Enquirer: 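One structure, as structure tokens, below. Some questions next.
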Amino acid sequence: MHSDNGNFHERCYALLKQIPAGKVTTYGEIARALNSRAYRAVGTAMASNRQLFAIPCHRVVRSNGAIGGYALGPDKKAELLINEGVTVKNGRVGQLDAVMHRFPALPESTGGKRYP
DNA sequence: GGCGTGACCCCAT
DNA sequence: TATGGGGCCACGC
């Protein structure tokens with residue numbers, strides 16, 4: 001149709017902006033929110049992010065609770081999360097379920113099947 | 001046009 | 001609780 005709204009990357013950024021402070025999400029969750037399995041591409045999008053201050057990519061952690069990677073280093077990422085109120089211990093997020101942010105379902109995927 | 005890479009995820013041991 | 005192996009997708013060269 002008209003256009004795909006740019007790139008898959010931009011959609012990830014849009015979701016990141018919807019994450020409030022004190023909350024975090026996972027790469028897989030973002031891919032899920034986009035109804036895709038491109039968890040790998042999500043990470044690539046973060047790595048491609050040049051606006052660390054505009055896009056809170058530091059609020060994205062691994063689904064296993066690990067901090068993950070960061071352009072300024074994982075240590076800096078943990079510090080930012082702690083500064084926002086997220087409990088980080090030994091480079092891992094505590095109670096990830098408690099700080100996990102949930103995204104709304106996509107309008108085109110509402111109601112029926114998801115993956116064929 | 002095709003191939004390798006990567007801020008990953010899941011399961012089995 | 002760690003560790004290893006296999007699989008998935010979008011992007012750049």
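Heavy-atom basis, side chains included; hydrogens, waters and symmetry copies ignored. Remember, it's a predicted structure, so these values are computed and weren't measured experimentally.
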Enquirer: Nearest whole angstrom, please: distance from the P of B:dA7 to the CD1 of A:I30.
Expert: 15 Å
Enquirer: To the side chain of A:M46, which of B:dA7, B:dC9, C:dC9 is closest?
Expert: B:dA7
Enquirer: How many Å lie between CG on A:L81 and P on B:dA7, as a whole number?
Expert: 18 Å
Enquirer: Give the nucleotide from the list B:dA7, C:dC11, B:dC9 with an atom nearest to the side chain of A:Y70.
Expert: B:dA7
Enquirer: Taking the minimum atom-to-atom distance to the side chain of A:Y39, which one of C:dG7, C:dC11, B:dA7 wins?
Expert: C:dG7
Enquirer: Would you mind telling me which of C:dC9, C:dC11, B:dA7 lies closest to the side-chain atoms of A:A41?
Expert: C:dC9
Enquirer: Which nucleotide sits closest to the side chain of A:A71: B:dA7, C:dA10, C:dG7?
Expert: B:dA7
Enquirer: Between A:C12 and A:L34, what is the shortest heavy-atom contact and its length?
Expert: SG-CD1, 4.0 Å
Enquirer: Given side chains that start at C-beta, do those of A:Y39 and A:E29 come closer than 4.5 Å, heavy atoms only?
Expert: no
Enquirer: Can you tell me if the side-chain N/O atoms of A:T44 get under 4.0 Å from OP1 or OP2 in B:dA7?
Expert: no
Enquirer: Name the residue closer to the 5' end of DNA chain C, choosing between A:S48 and A:A38 according to the nucleotide with the nearest heavy atom.
Expert: A:A38
Enquirer: Of the nucleotides B:dA7, C:dC9, B:dC9, which has the atom closest to the A:K77 side chain?
Expert: B:dA7
Enquirer: Would you name the heavy atoms of A:K17 and A:I55 that are closest together and state the gap between them?
Expert: CE-CG1, 4.1 Å
Enquirer: Picking from C:dC11, B:dC10, B:dA7, which would you name as closest to the side chain of A:H9?
Expert: C:dC11
Enquirer: Between P on C:dC9 and CZ on A:R11, what's the gap in Å once rounded to a whole number?
Expert: 16 Å
Enquirer: Would you indicate which nucleotide in C:dC8, B:dA7, C:dC11 comes nearest to any side-chain atom of A:F8?
Expert: C:dC11
Enquirer: Rounded to whole Å, how long is the line connecting atom NZ of A:K89 with atom C1' of C:dT1?
Expert: 17 Å
Enquirer: Starting from P on B:dC11, measure out to CZ on A:R37 and report it in whole angstrom.
Expert: 13 Å
Enquirer: Nearest whole angstrom, please: distance from the C1' of B:dA7 to the NZ of A:K76.
Expert: 17 Å
Enquirer: Are A:F103 and A:H101 close enough that some pair of their side-chain heavy atoms sits under 4.5 Å apart?
Expert: yes
Enquirer: From CD of A:E10 over to C1' of C:dC11, roughly how many Å is that when rounded to an integer?
Expert: 14 Å
Enquirer: Take the protein atom CZ of A:R50 and the nucleotide atom P of B:dA7, then report the distance between them rounded to whole Å.
Expert: 11 Å
Enquirer: So which atom in A:L81 and which in A:H58 form the shortest heavy-atom distance, rounded to 0.1 Å?
Expert: CD2-O, 3.3 Å
